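Note sheet for the following structure.
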Amino acid sequence: MFRKEFVDVITKTGMVPIKDLRPLVVDRDPKVITELALLDFKFFDDIRFAKQVAESYGLTYIDLSKAKISDKMLKLIRKSEIIKYRVLPIQKNSKAVSLAIFDPSLMKIQSELQSLFQYPVEFILTNISSWAEIFSRVADSMEDVLDTIREIKADHAKKDDNINEDDIGDDVIRYVNRILAEAYILKCSDIHIEPYENNFRIRYRQDGSLVESAKPPRSLMLPIISRVKILAQMDISERRKPQDGRIKLEVAGKPIDYRVSSLPTLFGEKIVLRLLDSSNLQLDMTKLGFEPKQIDVFKEGIYKPYGMCLVTGPTGSGKTTTLYSALAELNKIDTNISTAEDPVEFNLEGINQVNVKKDIGLTFAAALKSFLRQDPDIIMVGEIRDHEVGEIAVEAALTGHLVLSTLHTNDAPSTITRLINMGIEPFLVAAALNVVVAQRLCRKVCKDCKELDASATKEALVACGISPASAEKITAYKGKGCQTCNNTGYKGRVAIYEVLEVTPAIKEILLRNGSADEIKRQAIKDGMKTLRMSALTKVALGQTTMEEAVSNSASDKM
């Protein structure tokens, strides 16, 4: 809530009447910056307000939106302390730490802030909007996140004969919370909890690579695994069969799903948790990594009134994100969309989503058959795994429906031949298919330690498939390794795509039962960029390294 002293400052300027401020002072969450509500007043000019206040209190005014504030400075105090005191450390020298404030009355607690920083402090006044812009960069610390973890769903798991939930102890509960919080902070996609004969370890999948996080004592193995299973509403007394579950938590104010899988191994149960953060789901097609021509071809395919659009790639390559972005693009009030998924990863408003459940007979094929009786316009099938599902999907595509789905193949041309190998007639595939997208994820070069890659010589670039003329102009980069990227040289990932439009020439190849290589050669003639070409484009843009480009398109023969 607003500090009373700050309310006095605002009212003295006369910019906001006290009657308008009163509702903002009470019943406010102390864990958020409620003063941002001032920006909602149309008549409130925060820059004029800041300059007026700075002059009145003899402070220097600075517009933080024009200043370069390092992330290292922002890490001097915890995010929760920034929220509590409304101060941002922006500079430090031999004499003092400079604190950016928008509330001059904070000068009265200078001694308290000096104790917090254990260093002399000085104040600089800024406007609220630029203060908020810098605050948005402040990352949650481990302790901040641990304080925010809250279970959304109550536990209903069965009790173990040997381990009672009450016997697990606060230390184990907090340790498991720390695992979940750390994976969230590091933006990991998966958590692996692995038992071995003589040790027990925890690994995170970060930017596509597994890294070891900790090796807890083996004596904690059973309590940690049991705690995870309790959270996931799994049967903790059953250790001989695989189980699936789901943990729903609120972490740092965001709802996060952890999809949990247990697998009995030789020395105990291995647990893998997949993090599903809906706030990170990118539904804007233009920001996925498609090149301009590629996105035009893909959009043309999904905007046709009927036919099939397929997305292919290995597990964890971003196929779901691509399909969801297509559904978000197509999700209109006059369109009926149904999906069959195993499982539903994210809830999309306005789309009818079905969780496939094999144990009760609700398979992809059964769901597809039901969809066709539900007056659908667009159907998404999580994966075409066999002839039955493929046949129904093709029939749906040929009878006036748009069908979106995935397959597991190495590239786009192989997807077409895979459908034929499933037993679907070539003439049906040729008539049904609109577009095929193959994709991979490459690790991005860390921006904080980016440097020229001396090994990416002209000869090396040419050997990878870049023309000699283009190789002369390309400057390749790599990451040196720093604290930001955990000394890996990479931070984040970028998608590379191969978008194959099923042109009349490709249909002719299909009708005469041509090979995947023939289809690929024709697709390149028609303007398709292969995965290797797409990856090398990302190298030229400085987004990824030569090593990543080559490893993620190793099967792509130029």
Side-chain angles (χ1 to χ4, degrees), residues 29-32 71 74-84 135-155 157 165 168-194 200-217 220-234 245-262 270-281 345-346 483-488 491-493:
D29 187 346
K31 293 182 180 180
V32 296
D71 290 338
L74 298 176
K75 290 177 182 177
L76 287 179
I77 61 172
R78 289 172 54 182
K79 186 175 183 178
S80 56
E81 291 167 336
I82 294 175
I83 294 172
K84 178 181 178 181
F135 174 74
S136 67
R137 287 169 44 195
V138 178
D140 294 296
S141 71
M142 176 64 72
E143 299 307 317
D144 288 329
V145 175
L146 282 173
D147 292 341
T148 66
I149 289 182
R150 183 178 69 84
E151 290 179 47
I152 296 176
K153 205 167 185 179
D155 295 332
E165 184 180 346
I168 288 177
D170 291 341
D171 288 343
V172 171
I173 290 172
R174 188 164 181 81
Y175 189 80
V176 171
N177 283 350
R178 181 172 286 271
I179 293 170
L180 301 177
E182 186 175 38
Y184 164 79
I185 290 171
L186 296 174
K187 300 187 185 304
C188 301
S189 60
D190 301 89
I191 305 169
H192 291 243
I193 302 174
E194 303 169 317
F200 174 56
R201 73 177 179 185
I202 294 166
R203 294 191 292 172
Y204 298 145
R205 188 171 294 281
Q206 192 175 7
D207 293 333
S209 299
L210 279 171
V211 293
E212 188 170 277
S213 168
K215 280 189 175 181
L220 291 178
M221 182 185 80
L222 206 53
I224 288 173
I225 290 173
S226 294
R227 176 58 184 166
V228 172
K229 290 174 73 175
I230 286 169
L231 285 170
Q233 302 177 49
M234 295 157 72
R246 205 161 192 163
I247 299 173
K248 301 187 93 173
L249 296 178
E250 186 178 279
V251 183
K254 294 180 180 179
I256 308 291
D257 275 10
Y258 297 79
R259 205 168 71 206
V260 186
S261 169
S262 73
K270 176 181 177 179
I271 304 287
V272 175
L273 301 91
R274 169 152 289 189
L275 279 70
L276 303 173
D277 181 1
S278 58
S279 65
N280 285 337
L281 181 63
E345 294 192 10
F346 298 104
Q483 187 177 357
T484 303
C485 61
N486 200 23
N487 292 315
T488 63
K491 187 70 176 176
R493 289 191 287 177

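Since this is a predicted model, take the numbers as computed values, not measurements. In what follows, residues are counted from 1 in the order of the sequence shown.
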Can you name the residues that form a side-chain hydrogen bond (donor to acceptor under 3.5 Å, both in side chains) with K491, not counting sequence neighbours?
none
What residues form a salt bridge (charged side-chain N to carboxylate O under 4.0 Å, His left out) with D207, not counting sequence neighbours?
none
Side chains of E212 and Y204: do they bring a donor and an acceptor to under 3.5 Å?
no
The criterion is side-chain hydrogen bond (donor to acceptor under 3.5 Å, both in side chains); which residues satisfy it with Y175, sequence neighbours excluded?
none
Would you say the side chain of I224 lies within less than 4.5 Å of the side chain of V176, judging by non-hydrogen atoms?
yes
With sequence neighbours excluded, residues passing side-chain hydrogen bond (donor to acceptor under 3.5 Å, both in side chains) with R493:
none
Suppose we screen for side-chain hydrogen bond (donor to acceptor under 3.5 Å, both in side chains). Which residues come up paired with R205, at least two apart in sequence or across chains?
none
Between T488 (side chain only) and C485 (backbone N and O only), is there a donor and an acceptor less than 3.5 Å apart?
yes
So how far is it from I271 CD1 to I179 CD1, rounded to the nearest 0.5 Å?
11.0 Å
How long is the span from the OG atom in S213 to the CZ atom in R178, to the nearest 0.5 Å?
10.0 Å
Positive for side-chain contact (heavy atoms from CB on, under 4.5 Å) with L180, one of I256, L249, I185:
L249
For the atom pair CZ (R246) and NZ (K248), what is the distance rounded to the nearest 0.5 Å?
6.5 Å
Please name the residue in the list V228, I191, V272, I193 that meets the side-chain contact (heavy atoms from CB on, under 4.5 Å) test with V260.
V228
With heavy-atom distances below 4.5 Å as the criterion, would you say the side chains of L210 and H192 are in contact?
yes
Atom pair CG (L231) and NZ (K229), whose distance is rounded to the nearest 0.5 Å:
12.5 Å
When rounded to the nearest 0.5 Å, the distance separating CD1 of I202 from CD of E182 is 9.0 Å
For R274, enumerate each residue passing the side-chain contact (heavy atoms from CB on, under 4.5 Å) test, keeping only those at least two apart in sequence or located in another chain.
D190, R259, L276, T315
For Q206 and L186 the tightest heavy-atom approach is NE2-O, 3.4 Å
Salt bridge or not for R201 and E194, using N-O below 4.0 Å?
yes
Shortest non-hydrogen contact from F135 toward K79:
CZ-CE, 3.8 Å
Chi angles and distances behind the side chain to side chain contact (heavy atoms under 4.5 Å, CB included) call for R227, I230
CA-CA 5 Å; R227 176 58 184 166; I230 286 169; 4.2 Å; yes
To the nearest 0.5 Å, how far apart are CE in M234 and OG in S262?
3.5 Å
